[in-house]
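Residue numbers start from 1 in every chain, and the chains themselves are labelled A, B, ... in the order their sequence lines are given, proteins ahead of strands.
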Number of protein chains: 2
Amino acid sequence: MATSAPRPDLLGLVFPLARALRRIEDDAAERHQLSMWQYAVLSVVAFRPGMNQLATAELLGYSRNRIVADLDLLEQRGLLTRRSGSDRRSNTLWITEDGSAVVAQVQRRIHVAEDELLADMPAADRRELQRLLASAATMATGTTAAD
Amino acid sequence: MATSAPRPDLLGLVFPLARALRRIEDDAAERHQLSMWQYAVLSVVAFRPGMNQLATAELLGYSRNRIVADLDLLEQRGLLTRRSGSDRRSNTLWITEDGSAVVAQVQRRIHVAEDELLADMPAADRRELQRLLASAATMATGTTAAD
DNA sequence: TATTGTTATACTCTATAACTATA
DNA sequence: TATAGTTATAGAGTATAACAATA
């Protein structure tokens with residue numbers, strides 16, 4: 001009589017993948033002297049320009065405190081700009097041409113590395129995994145932070 | 001003509017789920033005054049007893065340095081025991097009855113919380129997500145750390 | 001009074017190196 | 001010489017609180 005396999009904790013399945021993907025993003029961002037979070041912020045600004053700092057941080061599940069220093073660096077490098085809008089307390093964030101180029105380059109490298117990581121997974125499974133992860137992410141946050 | 005959606009970074013999909021699952025494990029472990037890693041170590045010892053410290057740490061993608069203090073605490077609480085085997089440099093790790101009970105309790109709570117988190121996902125999708133995550137985890141590590 | 005951005009501080013986590021005892 | 005376990009330390013990452021400017 002075969003005993004059924006014990007139910008695994010989902011984190012035990014997600015964690016190794018998350019760690020590998022984190023490493024991929026770290027490495028790709030580092031080639032442009034960016035941290036993973038700096039790249040993440042920049043890519044949100046690239047795909048959803050015009051939001052203020054707080055909304056950008058919250059979309060990423062990041063902190064309004066920590067985003068400040070990252071934006072300082074990104075702005076200093078000419079990858080984005082801060083503009084004060086009608087509400088003079090808040091800064092809206094706008095991507096620059098250089099910023100767009102950096103996001104595109106980093107993202108290209110990330111996608112190549114992702115494809116290598118999952119090379120042995122059939123394309124249909126990969127699409128299905130992506131769909132299910134997007135669905136789970138929505139349940140985990142109430143909204144999706146993926147662009 | 002509709003523009004196709006830009007390809008998302010997989011980390012952007014995995015991260016929110018991983019964070020939610022991490023929080024679930026933190027909370028469940030904390031009820032027994034354990035950290036997530038202490039619970040993870042204990043559960044490896046429960047399901048794969050007799051391994052030494054190094055092998056246990058490596059299975060988790062954890063550090064042989066950091067596992068020491070965790071094992072000190074777990075042993076002190078009577079949740080596991082260290083025994084020196086034939087090679088007197090290495091300690092094999094063994095679960096106790098109390099340890100098994102704690103793992104079972106924490107895991108039960110984790111599974112309840114996971115079910116709540118993914119309550120809106122059809123059961124078939126959840127099984128499929130689990131299967132695909134297990135497959136991806138294997139590719140990310142060369143072996144699966146899930147028990 | 002509440003909100004956005006900002007800064008400072010303390011705390012946790014993590015990585016690294018070095019030591020010991022065995023082999 | 002190499003390995004398992006252990007310890008100490010420095011660095012990175014994170015959370016929290018408080019302040020200024022504006023609403």
Side-chain angles (χ1 to χ4, degrees), chain A residues 11 15-16 18-23 25-27 29-30 33-41 44-45 48-76 80-94 145, chain B residues 11 15-16 18-23 25-27 29-30 33-41 44-45 48-76 80-94 145:
Chain A
L11 186 60
F15 201 83
R19 174 141 57 183
L21 292 171
R22 171 65 190 259
R23 171 155 209 166
E25 296 224 356
D26 281 339
D27 291 350
E30 197 199 6
Q33 282 89 49
L34 296 175
S35 72
M36 182 272 272
W37 281 113
Q38 286 156 2
Y39 159 71
V41 168
V44 165
V45 175
R48 304 192 57 168
M51 294 198 302
N52 67 17
Q53 298 186 188
L54 183 58
T56 302
E58 283 177 348
L59 183 64
L60 283 166
Y62 198 44
S63 134
R64 75 181 173 134
N65 307 317
R66 289 197 284 148
I67 205 176
V68 174
D70 294 325
L71 290 170
D72 288 347
L73 179 141
L74 293 168
E75 191 175 30
Q76 215 165 10
L80 57 77
T81 59
R82 286 191 251 224
R83 290 186 213 154
S84 70
S86 51
D87 184 339
R88 300 211 335 268
R89 287 174 304 183
S90 85
N91 298 325
T92 55
L93 301 176
W94 305 90
Chain B
L11 187 59
F15 202 83
R19 176 141 56 183
L21 293 171
R22 172 64 191 258
R23 171 156 207 162
E25 298 223 356
D26 281 339
D27 290 350
E30 197 199 5
Q33 282 90 49
L34 295 176
S35 73
M36 182 272 273
W37 280 113
Q38 285 157 2
Y39 160 70
V41 168
V44 165
V45 176
R48 304 191 57 169
M51 294 198 303
N52 67 16
Q53 301 188 188
L54 183 58
T56 302
E58 282 177 348
L59 183 63
L60 283 167
Y62 197 45
S63 136
R64 75 183 174 132
N65 307 318
R66 290 197 283 147
I67 205 175
V68 174
D70 294 326
L71 290 171
D72 288 347
L73 179 141
L74 293 169
E75 192 175 29
Q76 215 166 11
L80 57 77
T81 59
R82 288 190 248 224
R83 291 187 212 153
S84 71
S86 52
D87 184 338
R88 301 218 328 273
R89 288 174 303 183
S90 86
N91 298 324
T92 55
L93 302 175
W94 304 90

Mind checking what makes salt bridge (charged side-chain N to carboxylate O under 4.0 Å, His left out) contact with Glu75(A), not counting sequence neighbours? Arg82(A)
Hey, what are the protein-to-nucleotides 11-15 of chain D N/O distances that come in under 3.5 Å?
residue, atom, partner, partner atom, Å
dT14(D), OP2, Arg66(A), NH1, 2.6

Rounded distance in Å - CD1 (Ile67(B)) to P (dA15(C)): 14 Å
Note, Ser35(B) side chain near Gln38(B) side chain (heavy atom, < 4.5 Å): yes
Ignoring hydrogens, what is the shortest heavy-atom contact between Met51(B) and Arg48(B)? Give both atom names and the distance. CG-O, 3.7 Å
Could you check whether any side-chain heavy atom of Val45(B) comes within less than 4.5 Å of a side-chain heavy atom of Leu93(B), counting everything from C-beta outward? yes
Tell me: CG of Asp70(B) to P of dT7(D), nearest whole Å? 13 Å
In whole angstroms, the gap separating P of dT6(D) from CG of Asp72(B) amounts to 6 Å
What residues 86-94 of chain A contributes to the DNA chain D interface at heavy-atom separation below 4.0 Å is Ser86(A), Asp87(A), Arg88(A), Arg89(A)
Which residues pass the side chain to side chain contact (heavy atoms under 4.5 Å, CB included) test with Arg23(B), not counting sequence neighbours? Asp27(B)
Would you be so kind as to tabulate the donor-acceptor pairs closer than 3.5 Å made by side chains of residues 58-69 of chain B, with sequence neighbours excluded?
residue, atom, partner, partner atom, Å
Tyr62(B), OH, Asp70(B), OD2, 2.6
Ser63(B), OG, Asn65(B), N, 2.9
Ser63(B), OG, Arg66(B), N, 3.0

Protein-nucleotide distance (Leu74(A), atom CG; dG5(C), atom P), rounded to Å: 15 Å
Between dT3(D) atom P and Glu58(B) atom CD, what is the distance in whole Å? 12 Å
Minimum heavy-atom separation for Ala29(B) to Tyr39(B), with atom names? CB-CB, 4.0 Å
Distance, rounded to the nearest Å, where Gln53(A) contributes CD and dA20(D) contributes C1': 15 Å
Between Arg64(B) and dA17(C), is there a contact of a side-chain N or O with OP1 or OP2 at under 4.0 Å? no
Here the pair of heavy atoms bringing Pro16(A) nearest to Leu11(A) is CD-O, 4.3 Å
Round to a whole Å and report the spacing from CZ of Arg82(A) to C1' of dT4(C). 12 Å
Whole angstroms only, please: what is the CE-P distance between Met51(B) and dG5(D)? 11 Å
Taking side chain to side chain contact (heavy atoms under 4.5 Å, CB included) as the test, write out the residues that go with Asp87(A), two or more places apart. Arg89(A), Ser90(A)
